There are 2 protein chains.
Amino acid sequence: MTFEETTGSVLTPEAQVALDRATGSAHRHHELLSDRAFHIKQSAVRDVFDISIRPGLISLAGGSPYLQSLPLDGLADAAAAIIRTQGLAALQYGPGQGLQELRELACEVMAAEGITGADPEDVVITTGSQSGQDVAAKVFCNPGDVVLCEDPTYVGALNAFEAYEVDMQPVPMDAYGLIPEALEERIQSLKAAGKRVKMLYTIPSFNNPSGVTLSADRRDEVVRICRENNILVLEDNPYGLLRFDGEPLTPLRAAHPEDVLYLGSFSKIFAPGLRLGWALVPKHLFRRFYLACEAVLLCPSPLTQMITAAYLRDFDWMGRIRDSRRLYADRCAAMLSALEDQMPDGVTWTVPDGGFFVWVSLPEGIDTYPLLTEAIEAGTVFIPGAAFTPGDEPSSRLRLAFSAVSPDDIREGVRRLAPVIRRAVGDG
Amino acid sequence: MTFEETTGSVLTPEAQVALDRATGSAHRHHELLSDRAFHIKQSAVRDVFDISIRPGLISLAGGSPYLQSLPLDGLADAAAAIIRTQGLAALQYGPGQGLQELRELACEVMAAEGITGADPEDVVITTGSQSGQDVAAKVFCNPGDVVLCEDPTYVGALNAFEAYEVDMQPVPMDAYGLIPEALEERIQSLKAAGKRVKMLYTIPSFNNPSGVTLSADRRDEVVRICRENNILVLEDNPYGLLRFDGEPLTPLRAAHPEDVLYLGSFSKIFAPGLRLGWALVPKHLFRRFYLACEAVLLCPSPLTQMITAAYLRDFDWMGRIRDSRRLYADRCAAMLSALEDQMPDGVTWTVPDGGFFVWVSLPEGIDTYPLLTEAIEAGTVFIPGAAFTPGDEPSSRLRLAFSAVSPDDIREGVRRLAPVIRRAVGDG
């Protein structure tokens, strides 16, 4: 399991209060906490993390990318050469916007997905897409403002936004992603209720956690609905290039440079340990966004930027992505066939075209959170669905990740999970 | 000039409005901006940055540490070995709190300054002290809450806090740092005015920009005053080990583990380009602070953490600090003697015991901001004093940095600056 998943709420409200009490709510400094501090939630899986890395356990929880195919020797040499020959720049403060070369390379990455003509001047290097979400919340959201999101959506984004007391409002999806009619209806009903809707946060390609992709024919319509309601689209696209077959779908940003603030990430196409991503910001919003990035961080690390630039410049990064797509496709297929073999009637799941995740639905009324303990006892682990939706309602869904586990382990993990699910469904 | 200084306001309000207009305030998305977005200011020196790096110009503006003494070959080998042998961990997601080894090493660094017995469990690795300020503002400050600070104080902290609509209230200093009576008086008058005072942000050793140090006999009193008024102390101590002579003064945190949230930085004792620092958090506040860090960033870069840990573990970092202290002392002496030689009557300056900066005071009524253009024409650059105080008042002060410039260049830079100052003082 990685730590990408550690920022949603799965503690019950009672447990949260008990934890507060144990960790200082009785202390005189408790009254110094900001209102927003109470919206920053306990980790979704922090409480199972130590367990989940124990030997022998097969984790289907973490969305870690497959790194074994990285050219480690070549990267080691590249990093050494950077420090040896450009060390005084790599180890010093750098520009707040990020290095020119890496901003240009980010534009090349975007071009590979169909965003052509992006201007490196409109790019800010971030410390990962998560920090882009944090800055977007800071720049656009007052307490109580609404940000629309897919239902389900990325747990880290929920936590980044809720830390600014944003009212996250989920919009239903079907197998083709966000439902435009549902989006329009939700906007109108929120407006009628006097709410201020600021943004749509969307992961249109291979949504985390559901694996669902917004179909090509809905993409313009989603942006049009937002534009007509003066809502900014925040497009988070870490997985876009990881489509199993065929060409990547063109991001929303491509045809709508004024309406979409685009977040890219080097975590899935290169490596998450560098902690780098980028934002492509509409020109009229660039200055505000950029200044907020600088206020949080001063500047991203020149060293990790130079290493990332060297990787994209001197290595066959696109070839490795092609290989990764096949590898993830095989793993996904292994998971789907294991689910087919093992899951009882009444359990359904998504069939993703890319990305890292399958979203499993149990019959309504079953809460998947208590099943986590049983799953761990059975030797596997997943993320309960409640983490991926605002609010504290129980969920009958769960997320399985296939990205970081071999096909054999995927099959074994699902085999271990199956009896837990069967018992819950009453089919055990 | 580095970019550490690029986050304060020196644009006039009129220029700010004009810039807004030119960069999109007429756009329909303008109304989507949060209230706090309007508190995130234009860079202090962004407008002179391009000029300041032009060949031949001597910059006395930037607080960059001296890196030429770093063992670049050794660091290159260390980084290569980390990627080659631990690459799959270094390049993957890591723990949100930071690596255990680096948290232990941070405790060793703190012990060298007099904070003994710090528990690595209470340490969170940050992406630099600036991000620690951002998270502290997020966790403790509602809009309108007061944070007290030294007058003058670090421009980046002003911007980090003001991005949360914090009311930054400066407290007078003298040559021995914050004046306890003035602190008490300011607190009482703010309370009487119905203000909520949450924190004291302080750089007690070699304050940026003034170079002034809070004397040992005032340290306990400052904490006592804050404790009695239920105000948390946020101690920012990037320069503490860089005292020219004698032992470092014991940080406020040492004797007051419950009352002080301590921010450390690897930027000045190692290198800023890794973008790493740490927070030592009182146990009763740890969980809130840690969760907020994670919501912003997920995790700091394992790669840069491992490189930093290798530097602190395998190299003579303390020996290099000893050498750096002598080097900075020589540069400071060169600056003080150049000022003595060149400055007209009526101009005074601080005499720091460590750190990177000298703070120059012109007679009241002279605004140093317009002098910047003249200085650049004369071939040098400084930071106008207004950047280091909340609000938009003109300032008769300016900051000179000696850390990144050779003694000869310091003398030449001051020689170039002197006629500008003399003209302003009417002594030209």
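By convention in this document, chain letters (A, B, ...) are assigned in the order of the sequence lines, proteins followed by strands, and residues within each chain are numbered from 1. None of the values given here were measured: they were computed from a predicted structure.
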For [Y], is there any backbone N or O sitting under 3.5 Å from a side-chain donor or acceptor partner on [X]?
{"X": "A:S301", "Y": "B:G273", "result": "yes"}
{"X": "A:R275", "Y": "B:L297", "result": "yes"}
{"X": "A:K198", "Y": "B:L32", "result": "yes"}
{"X": "B:R36", "Y": "A:C141", "result": "yes"}
{"X": "B:R84", "Y": "A:L72", "result": "no"}
{"X": "A:Q97", "Y": "A:I125", "result": "no"}

Check each atom of [X] against the heavy atoms of chain B and say whether the ones under 4.5 Å are side chain, backbone, both or neither.
{"X": "A:P282", "result": "neither"}
{"X": "A:E258", "result": "both"}
{"X": "A:A137", "result": "backbone"}
{"X": "A:I307", "result": "side chain"}
{"X": "A:L70", "result": "side chain"}
{"X": "A:D145", "result": "neither"}
{"X": "A:A160", "result": "both"}
{"X": "A:S267", "result": "side chain"}
{"X": "A:T304", "result": "side chain"}
{"X": "A:E31", "result": "both"}

Shortest non-hydrogen contact from B:L67 to B:F270?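 That closest heavy-atom pairing would be CD2-O, 3.7 Å.
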When every non-hydrogen atom of B:E294 is compared with those of B:G96, the smallest separation belongs to OE2-CA, 4.0 Å
What part of [X] gets within 4.5 angstrom of chain A, counting heavy atoms only: side chain, backbone, both, or neither?
{"X": "B:Q305", "value": "neither"}
{"X": "B:A292", "value": "both"}
{"X": "B:A404", "value": "neither"}
{"X": "B:E162", "value": "neither"}

Relative to chain B, which of A:D259, A:L276, A:T85 shows the most heavy atom pairs under 4.5 Å? A:D259
Among the listed options A:L274, A:N230, A:I231, the residue most often paired with chain B at heavy-atom distances under 4.5 Å: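 Sorted descending by pairs with chain B, the first entry is A:N230.
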Just give me the residue among [options] that pairs up with chain A most often, heavy atom to heavy atom, under 4.5 Å.
{"options": "B:P143, B:A37, B:P272, B:A163", "value": "B:P272"}
{"options": "B:S34, B:G128, B:A76, B:A81", "value": "B:S34"}
{"options": "B:M199, B:R196, B:Q133", "value": "B:R196"}
{"options": "B:D77, B:T127, B:N142", "value": "B:N142"}
{"options": "B:V139, B:V135, B:L303", "value": "B:V139"}
{"options": "B:L232, B:D35, B:T126", "value": "B:D35"}

With a 6.0 Å cut-off on ring centres, are [X] and [Y] close enough?
{"X": "A:F161", "Y": "A:H39", "value": "no"}
{"X": "B:F289", "Y": "B:H284", "value": "no"}
{"X": "A:Y311", "Y": "A:F315", "value": "yes"}

Is the closest side-chain heavy-atom distance between B:L148 and B:V197 below 4.5 Å? yes
Stepwise, does the side chain to side chain contact (heavy atoms under 4.5 Å, CB included) test hold for B:N159 with B:I40? CA-CA 6 Å; B:N159 220 33; B:I40 303 175; 4.3 Å; yes
